[in-house]
Protein chains: 2
Amino acid sequence: MKYKIKSRIWIEADNNVLLGEGRVHLLKAIQETGSLSKAARSLNLSYKKAWNLLDSVNKSAKKPVTVNSIGGKGGGGAQLTDYGLSLIRAFDEINKNCWDFLDKQLEKIEHI
Amino acid sequence: MKYKIKSRIWIEADNNVLLGEGRVHLLKAIQETGSLSKAARSLNLSYKKAWNLLDSVNKSAKKPVTVNSIGGKGGGGAQLTDYGLSLIRAFDEINKNCWDFLDKQLEKIEHI
DNA sequence: AATCGTTATATCTAAGCAAATATAGCGAAA
DNA sequence: TTTCGCTATATTTGCTTAGATATAACGATT
């Protein structure tokens, strides 16, 4: 039996969570489906929860992460801004780097 | 306004959490006070919660992390084993390294 | 003007988890 | 043999949080 090191990182703005793993999943699903409600369904979360998450992200980010439209063809929709895309890219990169880093730290506990 | 990167790491054994920040706090308080109930009081957590945490730690670790004595002078007590001490040391070191690492990653988001 | 699938929001209900409470058992020491 | 403060554990109570439900508003298209 071996010990494992796990981690979770997130980006904060003004002591509010801006982006964590769940929020990134949601944003990616919005990118793929073109709407918040479809994204919520695809991730098996209630529309309300998804809306709260997205609202919180947009409120704490420096610039809008999505553009949401109400009404019109198809009832409306949501899509990521370039800013949102660059945030996701940065998060993914830092997250991966963190995993790799912790992998190297494993040697510090493997003899324990 | 600047974005910050926060993180949390923990050590798992067999998909159970072995050590996280809260558990390390508890173990350190046990070390200082010599008893689980005193440690719980000093950290403002209920004895039950503290006991559950310690029980879980001892159950998932390869070797006992504390030695608990019931009855006797002073009613009993708990103290860390050498093994427990080395676990705490390893956790603290890895945790600190992780923070330092993420500090360096900050440059990846400071322009966003 | 009617339709449609959204976004947006309020309200109520259920469930899970944390906290409080209670109590048994222990063993050294007086 | 009684006292003491602790470990150990069960049970209940309360509170927060998640989930379900309902509904208003929107605007391009027909």
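Please read all numbers here as calculations on a predicted model, not as lab measurements. Residue numbers begin at 1 in each chain, while the letters A, B, ... track the order of the sequences.
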Spacing between A/L45 atom CG and D/dA20 atom C1', to the nearest angstrom: 14 Å
Suppose we screen for side-chain contact (heavy atoms from CB on, under 4.5 Å). Which residues come up paired with B/K48, at least two apart in sequence or across chains? B/S46, B/N52
Can you see which heavy atom on B/L27 is nearest to which on B/L54, and at what distance? CD2-CD1, 3.9 Å
Give a yes/no on whether any side-chain N or O of B/Y47 is located under 4.0 angstrom from OP1 or OP2 of D/dA8. no
Under 4.0 angstrom between B/N68 side-chain N/O and D/dC6 OP1 or OP2: no
How many Å lie between NZ on B/K49 and P on D/dT11, as a whole number? 22 Å
Strictly below 4.0 Å: does A/W51 bring a side-chain N or O up to OP1 or OP2 of C/dA8? yes
On DNA chain D, compare the nucleotides closest to A/S46 and B/S35; which residue's is nearer the 5' end? B/S35
What is the minimum heavy-atom distance between B/G20 and B/F91, and which atoms define it? C-CZ, 3.8 Å
If I compare all heavy atoms of B/A61 with all of B/V65, which pair ends up nearest, and what's the gap? CB-CG2, 3.7 Å
Spacing between A/I30 atom CD1 and C/dA8 atom C1', to the nearest angstrom: 14 Å
Between the main-chain N or O of A/A13 and the side-chain N or O of A/S60, is there a donor-acceptor pair closer than 3.5 Å? no
Numerically ordered, the residues 55-63 of chain A set in heavy-atom contact under 4.0 Å with DNA chain D is none
Kindly say whether A/S56 contributes a backbone atom to a donor-acceptor pair with the side chain of A/R23 at under 3.5 angstrom? no
Checking contacts here: which listed nucleotide (C/dT6, D/dT7, D/dG19) is nearest the side-chain heavy atoms of B/S37? D/dT7
Comparing A/G76 with A/N52, nearest DNA chain C nucleotide closer to 5' gives the residue A/G76
Can you find a donor-acceptor N/O pair under 3.5 angstrom joining the side chain of B/K48 to the base of D/dT11? yes
Which heavy-atom pair separates A/K62 from B/Y3 by the least distance, and what is that distance? N-OH, 2.8 Å
Compute whether any side-chain donor of one residue and acceptor of the other, for A/T66 and A/N58, lie under 3.5 angstrom apart. yes
Looking at D/dC6, I'd like to know if its phosphate oxygens (OP1 or OP2) sit under 4.0 Å from a side-chain N or O belonging to B/R41. yes
Could you list the protein-to-nucleotides 26-30 of chain D atom pairs, N/O on both sides, closer than 3.5 Å?
from, atom 1, to, atom 2, distance (Å)
D/dC26, O2, A/G71, N, 2.9
D/dG27, O4', A/G72, N, 3.3
D/dG27, N2, A/G72, O, 3.2
D/dG27, N3, A/G72, N, 2.8
D/dA28, O4', A/K73, N, 3.3

How close or far is atom C1' of C/dA19 from atom CG of B/L53, stated in whole angstroms? 14 Å
Any donor and acceptor pair, going by atom type alone, linking the side chain of B/S35 with main-chain N or O of B/A78 inside 3.5 Å? no
